[in-house]
Amino acid sequence: MSDAPAEPMIILASKSKARRAMLEAAGVIIESFAPNVDEEALKEGLRADGVTARNLADALAEAKAVRLSRRIGPALVLGGDQILALEDGAMLDKPIDRQEAKAHLRRLSGKKHKLFSAAVIADQGSPVWRHIDIATLTMRPLSEAYIEAYIEAEWDNIRHCVGCYEIEGRGAQLFSDIKGSQFTIMGLPLIHLLDYLRVRGVMPS
């Protein structure tokens, strides 16, 4: 029996530690590379065209998967993205600093918001599978003192998180109600993805 490491069965078009950890914990053998997509420019253009949060997440996930797939050739390449939308349709991005993170939590406090988590798989430069999942979260009313203390304690953990929380950690304290998969909240419709990988023979059935 060879002791050589198994070849990656799927390529993740992201350097996201959270998505990689989620996939590896589920037993998916992967390699990951940066897709080299100008996300901010793409977001700006799509928002100017009035795209919905759902379609924005889908478009960004597809752009990452397709761009990397064209670069590396035959392989299943997974792109993912997540968009947060308030009840009025406004979308929040990742906070640029502590002050913006606090402002985001003030906007979310006591209200519902939706997370749209999209995943797209491309093969030889073309999308072959996609899924967009939705979670609805109700944030409890947060005091200013709580927001200040939370951001100071959690900033290093949540600085790259849409919504300024990790639901698998202290962020669970922010909510009074959650509807949807925890995987979706963490940024990937994992159950649907695993089902497709079984269909493709990448995962055992």
Looking at every heavy atom in both [X] and [Y], which two are closest together, and how far apart are they?
{"X": "A119", "Y": "L78", "result": "CB-CD1, 3.9 Å"}
{"X": "T184", "Y": "S117", "result": "O-OG, 2.6 Å"}
{"X": "L190", "Y": "A26", "result": "CD2-CB, 4.1 Å"}
{"X": "A118", "Y": "P189", "result": "C-CD, 4.3 Å"}
{"X": "G27", "Y": "M203", "result": "O-CE, 3.9 Å"}
{"X": "V37", "Y": "A63", "result": "CG2-O, 3.7 Å"}

Side chain proximity check, [X] to [Y], heavy atoms < 4.5 angstrom:
{"X": "F175", "Y": "T138", "value": "no"}
{"X": "R54", "Y": "L56", "value": "no"}
{"X": "K43", "Y": "L60", "value": "yes"}
{"X": "E152", "Y": "K102", "value": "yes"}
{"X": "D81", "Y": "V120", "value": "no"}
{"X": "S14", "Y": "K64", "value": "no"}
{"X": "Q182", "Y": "M22", "value": "no"}
{"X": "L193", "Y": "W129", "value": "yes"}

If Ile, Leu, Val, Met, Phe, Trp and Tyr residues are connected whenever their side-chain heavy atoms lie under 4.5 Å apart, and connections chain through other members, are [X] and [Y] in the same group?
{"X": "I191", "Y": "L188", "answer": "yes"}
{"X": "L194", "Y": "Y196", "answer": "yes"}
{"X": "V199", "Y": "I11", "answer": "no"}
{"X": "L12", "Y": "V202", "answer": "yes"}
{"X": "I134", "Y": "I185", "answer": "no"}

Should the pair E148-R98 be classified as a salt bridge under the 4.0 Å nitrogen-to-oxygen rule?
no

How far does [atom1] of [X] sit from [atom2] of [Y], to the nearest 0.5 angstrom?
{"X": "Q82", "Y": "K94", "atom1": "CD", "atom2": "NZ", "result": "9.0 Å"}
{"X": "I83", "Y": "I132", "atom1": "CD1", "atom2": "CD1", "result": "12.0 Å"}
{"X": "I151", "Y": "E100", "atom1": "CD1", "atom2": "CD", "result": "11.0 Å"}
{"X": "S205", "Y": "R198", "atom1": "OG", "atom2": "CZ", "result": "8.0 Å"}
{"X": "S16", "Y": "M186", "atom1": "OG", "atom2": "CE", "result": "9.5 Å"}

Is there any salt bridge (charged side-chain N to carboxylate O under 4.0 Å, His left out) pair reaching into residues 117-130, and which pairs are they, with sequence neighbours excluded?
D58-R130, E62-R130, D123-R200

What donor-acceptor contacts under 3.5 angstrom involve side-chain atoms of residues 104-111, with partners at least two apart or in another chain?
residue : atom : partner : partner atom : Å
R106    : NE   : E144    : OE1          : 3.0
R106    : NE   : E144    : OE2          : 3.3
R106    : NH2  : E144    : OE2          : 2.7
S109    : OG   : L142    : N            : 2.7

Hey, does the side chain of S32 reach the backbone of K15 with a donor-acceptor pair shorter than 3.5 angstrom?
no

N/O donor-acceptor pair under 3.5 Å between D49 side chain and V51 backbone:
no

Identify every side-chain donor-acceptor pair in residues 159-172 under 3.5 Å, counting partners at least two apart or on other chains, and give the distances.
residue : atom : partner : partner atom : Å
Y165    : OH   : H113    : NE2          : 2.7

Positive for side-chain contact (heavy atoms from CB on, under 4.5 Å) with I10, one of L23, I30, V77
I30

Would you tell me whether Q173 and Y146 have side-chain atoms, one donor and one acceptor, within less than 3.5 Å of each other?
yes

Are a donor atom and an acceptor atom from the side chains of T136 and K179 found within less than 3.5 Å of each other?
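Distance-only check fails for T136 and K179.
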
If you draw a 6.0 Å radius around NZ in K112, do more than 12 non-hydrogen atoms from other residues or ligands fall strictly inside?
no

Around F183, counting heavy atoms of other residues, nucleotides and ligands shown, do more than 12 lie under 6.0 Å from its CZ?
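Counting other residues, nucleotides and ligands, CZ of F183 stays at 12 neighbours or fewer.
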
